[in-house]
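Below is one structure; the comments refer to it alone.
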Number of protein chains: 2
Amino acid sequence: MDVVDRTILNILQRNAKCPLKEIAEKVYLSTPAVSARIEKMEKEGYILGYQAQVNPEALGYHIKALINLEVSPEGKTVFYPFVRKCSNVIECNCVTGEYSMVLEVLFPSTTELDKFIGELQRFGRTKTLIVFSTSVEHRGINADIEETLE
Amino acid sequence: MDVVDRTILNILQRNAKCPLKEIAEKVYLSTPAVSARIEKMEKEGYILGYQAQVNPEALGYHIKALINLEVSPEGKTVFYPFVRKCSNVIECNCVTGEYSMVLEVLFPSTTELDKFIGELQRFGRTKTLIVFSTSVEHRGINADIEETLE
DNA sequence: GATGAAACAGCCGAGCT
DNA sequence: AGCTCGGCTGTTTCATC
């Protein structure tokens, strides 16, 4: 894990389909060398996978919301398998604070959102925040900032 | 936008590097046909890009948090350019409710998180939730659910 | 949209520094 | 030991039907 690996990670986060040749030029290495580094980072768990980013609006998901949910410790054993099957839940975090869970969800309209919140009520109290707009959503992790590990 | 396109989207969300040949077999089409469909979806804005998913833990980002921030309408013109430059902010949503913004952030430790919250104070009041664990984070959008659009 | 051929990128070897 | 350069395989793309 050196500065070259970090640069490669940043490039692949911006464009996973970037040709090895182009990466190689940017880091002043040969393509096999870059290939070996990427393979190493995949095996060592730095790279979890490659995914296409899909536009939710284009698919008809016009409503994005954050749902705060109070789930009891016992309720979690039922809640986790449930939430994992909900394809509308794109992120689910267990957090500190008044509510134990924060879910990020996508729905075509508020009607479906409301119906979903109704289903959630059986786990506990909810507080929902509707998202007006998203100004940052790169989801890319800056690999440069960190001091050299390893 | 038909059922075949949706299937392709779901495959690419799971694995952006899936060979066209493999996709073609699954949707019972030839590789050029699949290629054309993908290209079309890229041009029409269904596919925003392809990105490598990096493991935050592996890069030393051990702390994930949700920061609720109260920003005045006037403050937003200064806040947006600021937050866009913060590489630790992986998502920033403008929301309904008591606080106008919810930021999702990554930091190596609580020390850096605390320092960042200090910087945010100048925009307004904050409430921070530390993330214990993340049970769902696929960030993949189910393309099947929707009725056929066009 | 399917089939074939050509171009390209990515992979694996050998040789070198 | 790691990088660079070669040939080789596989994938993607283009032209034709």
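Note: hydrogens, waters and symmetry copies are ignored here, and every other heavy atom, side chains too, is used. What you see is a predicted model; the values in this text were computed from it and never measured. Residue numbering restarts at 1 for every chain, and letters A, B, ... go by the order of the sequence lines.
Between the side chains of A/N10 and A/D144, a donor-acceptor pair is found at a separation under 3.5 Å. Counted by atom type alone, A/Y50 and A/E42 present one or more donor-acceptor pairs between their side chains at under 3.5 Å.
Note: CG (B/L20) to C1' (D/dG10) measures 12 Å, nearest angstrom. Taking atom CD on B/E39 and atom C1' on D/dT11, their separation rounds to 15 Å, with Å as the unit. Between B/I23 atom CD1 and C/dA2 atom C1' the separation is 18 Å, expressed in whole Å. To the nearest angstrom, P of D/dC3 lies 10 Å from NZ of A/K40. Between the NZ atom of B/K21 and the C1' atom of C/dT3 there is a distance of 15 Å, given to the nearest Å. The NZ-P distance, from B/K17 to D/dG10, rounds to 18 Å in whole Å.
Regarding contacts with the backbone of C/dG10, every side-chain N or O of A/S35 stays at 4.0 angstrom or more from both OP1 and OP2. Distances shorter than 4.0 Å separate none of the side-chain N or O atoms of A/R37 from OP1 or OP2 on D/dG2.
Not counting sequence neighbours, B/Q53 has no partner by the side chain to side chain donor-acceptor pair (under 3.5 Å) test.
Among all heavy-atom pairs drawn from B/L59 and A/A143, the shortest one is CD1-CB, 4.0 Å.
Taking a 4.0 Å limit (strictly below) on heavy-atom distances, residues 25-34 of chain A reaches DNA chain D at A/L29, A/S30, A/P32, A/A33.
When ring centroids are compared, A/F107 and A/F116 come within the 6.0 Å threshold.
Enclosure of atom NZ in B/K17 by more than 12 non-hydrogen atoms of other residues, nucleotides or ligands within 6.0 angstrom is indicated.
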